[in-house]
Number of protein chains: 2
Amino acid sequence: MRWEELDREPCSLARTLSIVGDRWTLLVLRECFLRVRRFEEFEQRLGIARHVLADRLKKLTEAGVLCKKPYQERPRREEYRLTEKGLDLYPVMLSLLDWGDKWMAGPEGPPLLRRHNACGHVAHAVPTCSECGEPLDARSMTVEPGPGAPPAILKAAGGETE
Amino acid sequence: MRWEELDREPCSLARTLSIVGDRWTLLVLRECFLRVRRFEEFEQRLGIARHVLADRLKKLTEAGVLCKKPYQERPRREEYRLTEKGLDLYPVMLSLLDWGDKWMAGPEGPPLLRRHNACGHVAHAVPTCSECGEPLDARSMTVEPGPGAPPAILKAAGGETE
DNA sequence: CTTGACAGGTTCTTTTTTGGAACCCATTGT
DNA sequence: ACAATGGGTTCCAAAAAAGAACCTGTCAAG
């Protein structure tokens, strides 16, 4: 399988990875969630090669995850902001962060914590069922074909569940 | 920043990406969650080059995400299984899948659905606060330095929150 | 006791992607 | 007129990926 074919796979995971499954893209998005918006600032904070950054920003913009907004005319300057689609990646960020906090932190503990404004506690995310509210884990779900399933999907492409 | 330095970054996102932030790795893990365990089966289902597959399985095993278990001696054959650490990536899989279902499905809808065994409904994951149970979104959390924070972290490395 | 068929890799060669640094362009401050 | 600033593009060398062929134990059949 080649990288450009990934977005045509009958698998939501593969399709998502066709947008964010790249070394740099998620780090760029991390900065976006930290309200970084300008080319130079991305470059300085990430230490990314300029043309790689330009490429990622273009792809994310084309994918509708970011949008360009002018913040001044003459000279025209534009900044990159998360769209609705981009903000919707927050659960992905959270789950990656929480896993890193749990499994990749050294003996000192995680470098950053997140405090939930509403309740005031340092918290992590618990994935829960949208229908009944119970916590979800790998063994509690069953995969079945959806409306966009190709005929051969039952044996071929995947979703998840252990 | 170079790829091998990523696991030493003071950022849980970067550290997580040092394990799973790769084109193929998450697709290999998708198959693991679908109970695929053998080299040949990974290869056939993914269409991945054999040495890339061997490399990813080795790295995931070294990282403690997968473990090798012999399922027969003479000839010795081993299968790859998710460890506790690997199973803990389920929230990451779910959030990626849900985003793909929502934003990358064609007009027909998503190719696969997940049904929650406990309540019987087709469901997606909602990230909720581990302390108070309320749903979390990008604007409801504040980042603060944790126990493993290096001195310069307040301005340098990131977590999230829009 | 030779042939062949697995499972599970490794080696080799050709493309793609990176990283690094230099260069370009419009505007504006001095 | 001249350097600085923001936002890129171009060029080259180095690293990683794709593809396909080749290697290695261990049975099992002829």
Side-chain angles (χ1 to χ4, degrees), chain A residues 1-9 14 17-29 31-32 35-63 66-81, chain B residues 1-9 14 17-29 31-32 35-63 66-81:
Chain A
M1 198 198 317
R2 193 165 272 87
W3 190 235
E4 310 89 59
E5 304 161 19
L6 209 54
D7 58 343
R8 273 162 273 141
E9 285 281 300
L17 293 180
S18 74
I19 310 289
V20 302
D22 167 84
R23 281 172 166 73
W24 282 112
T25 302
L26 280 166
L27 292 172
V28 169
L29 288 171
E31 299 302 320
C32 291
R35 296 182 188 72
V36 170
R37 292 178 178 150
R38 298 187 190 173
F39 194 93
E40 299 285 305
E41 203 179 353
F42 283 110
E43 190 205 350
Q44 283 159 30
R45 294 173 59 105
L46 291 170
I48 185 176
R50 295 178 70 97
H51 69 304
V52 175
L53 175 58
D55 178 71
R56 293 303 180 280
L57 289 172
K58 185 151 77 82
K59 281 183 176 151
L60 284 171
T61 303
E62 285 166 5
L66 300 180
C67 61
K68 289 170 86 156
K69 276 237 171 71
Y71 63 90
Q72 69 174 44
E73 302 288 335
R74 353 194 32 75
R76 185 183 186 85
R77 294 281 180 265
E78 305 194 299
E79 60 183 17
Y80 295 88
R81 286 167 160 271
Chain B
M1 195 200 316
R2 192 162 274 87
W3 190 235
E4 309 88 61
E5 305 161 19
L6 208 55
D7 58 342
R8 273 162 273 142
E9 285 280 300
L17 293 180
S18 75
I19 310 289
V20 302
D22 166 84
R23 279 170 167 71
W24 282 112
T25 302
L26 280 166
L27 291 172
V28 169
L29 287 171
E31 298 302 321
C32 291
R35 296 181 188 73
V36 170
R37 290 175 180 154
R38 298 186 191 175
F39 193 93
E40 299 284 304
E41 202 178 354
F42 282 111
E43 189 206 351
Q44 283 160 31
R45 295 175 59 105
L46 292 171
I48 185 176
R50 296 178 70 97
H51 70 305
V52 175
L53 176 58
D55 178 71
R56 292 306 178 279
L57 290 172
K58 185 151 76 82
K59 282 183 176 150
L60 285 171
T61 303
E62 284 166 6
L66 300 181
C67 61
K68 289 169 87 155
K69 277 236 171 72
Y71 64 90
Q72 70 174 46
E73 302 288 334
R74 359 194 27 77
R76 187 182 184 85
R77 295 282 181 263
E78 306 195 298
E79 60 183 15
Y80 296 88
R81 286 166 163 271

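Every chain is numbered from 1, with letters handed out A, B, ... down the list of sequences. Just so it is clear, the structure is predicted and the values come from calculations on it, not from any experiment.
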Enquirer: What integer distance in Å separates A:Gln72:CD from C:dT27:C1'?
Expert: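 One finds 9 Å between C1' of C:dT27 and CD of A:Gln72, rounded.
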
Enquirer: For A:Lys59, check salt bridge (Lys or Arg N to Asp or Glu O under 4.0 Å) against everything at least two apart and list the hits.
Expert: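 A:Lys59 satisfies salt bridge (Lys or Arg N to Asp or Glu O under 4.0 Å) with A:Asp55 only.
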
Enquirer: How many Å lie between CG on A:Leu46 and C1' on C:dG20, as a whole number?
Expert: 16 Å

Enquirer: Please report the distance, rounded to the nearest Å, between CG in A:Leu27 and P in C:dT18.
Expert: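 Going from A:Leu27 (CG) to C:dT18 (P), I get 13 Å.
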
Enquirer: Under 3.5 Å, which protein N or O atoms sit close to an N or O of nucleotides 3-6 of chain D? Give each pair with its distance.
Expert:
| unit_1 | atom_1 | unit_2 | atom_2 | d |
| --- | --- | --- | --- | --- |
| D:dG6 | O4' | A:Arg77 | NE | 3.0 |
| D:dG6 | O4' | A:Arg77 | NH2 | 3.3 |
| D:dG6 | O3' | A:Tyr71 | OH | 3.4 |
| D:dG6 | O3' | A:Arg77 | NE | 3.3 |

Enquirer: Sequence neighbours excluded, which residues qualify as salt bridge (Lys or Arg N to Asp or Glu O under 4.0 Å) partners of B:Arg50?
Expert: B:Glu40, B:Glu43

Enquirer: Does A:Arg56 put a side-chain nitrogen or oxygen below 4.0 Å from OP1 or OP2 of C:dT18?
Expert: yes

Enquirer: Quick one: label A:Asp22 by what it contacts on the DNA or RNA (base, sugar-phosphate, nothing), any heavy atom closer than 4.0 Å.
Expert: sugar-phosphate

Enquirer: Check the phosphate of D:dA16 against B:Trp24, side-chain N and O only, distance under 4.0 Å to OP1 or OP2. Yes or no?
Expert: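 No.
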
Enquirer: Tell me, please, which residues at least two apart from A:Thr25 pass side chain to side chain donor-acceptor pair (under 3.5 Å).
Expert: A:Asp22

Enquirer: C:dC6 C1' sits how many Å from B:Arg76 CZ, rounded?
Expert: 18 Å

Enquirer: How would you label the contact of A:Lys58 with the nucleic acid (heavy atoms, under 4.0 Å): base, sugar-phosphate, or nothing?
Expert: nothing

Enquirer: To the nearest Å, give me how far apart CZ (A:Phe42) and C1' (D:dG7) are.
Expert: 13 Å

Enquirer: Taking only residues two or more places apart in sequence, or in another chain, which ones meet A:Arg77 in a side chain to side chain contact (heavy atoms under 4.5 Å, CB included)?
Expert: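 Here the qualifying residues are A:Tyr71, A:Gln72, A:Pro75.
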
Enquirer: For a quick test of reading the model: is some side-chain N or O of B:Lys68 closer than 4.0 Å to OP1 or OP2 of C:dG9?
Expert: yes

Enquirer: Identify, with sequence neighbours excluded, every residue that meets side chain to side chain contact (heavy atoms under 4.5 Å, CB included) alongside B:Ala63.
Expert: B:Ile19, B:Val65

Enquirer: Send over the distance from B:Arg37 CZ to C:dA7 P, rounded to a whole Å.
Expert: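 Taking atom P of C:dA7 as the reference, CZ of B:Arg37 is at 17 Å.
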
Enquirer: Which whole-number value in Å describes the distance from B:Ile48 CD1 to C:dG9 C1'?
Expert: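 In whole Å, C:dG9 C1' lies 14 Å from B:Ile48 CD1.
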
Enquirer: Could you tell me the separation between the CG atom of B:Leu57 and the OH atom of B:Tyr80, rounded to the nearest 0.5 Å?
Expert: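 So the gap between those two atoms works out to 5.0 Å.
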
Enquirer: According to a strict under-4.0 Å criterion, is A:Tyr80 in side-chain N/O contact with OP1 or OP2 of D:dG8?
Expert: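 Answer is yes, contact under 4.0 Å.
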
Enquirer: Between D:dG8, C:dT18, C:dT11, which one does the side chain of B:His51 approach most closely?
Expert: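 Among D:dG8, C:dT18, C:dT11, the one nearest the side chain of B:His51 is C:dT11.
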
Enquirer: NZ of A:Lys69 to CZ of A:Arg37: how many Å apart, nearest 0.5 Å?
Expert: 9.0 Å

Enquirer: Whole Å only: how far is the CG atom of B:Leu57 from the P atom of C:dA7?
Expert: 16 Å

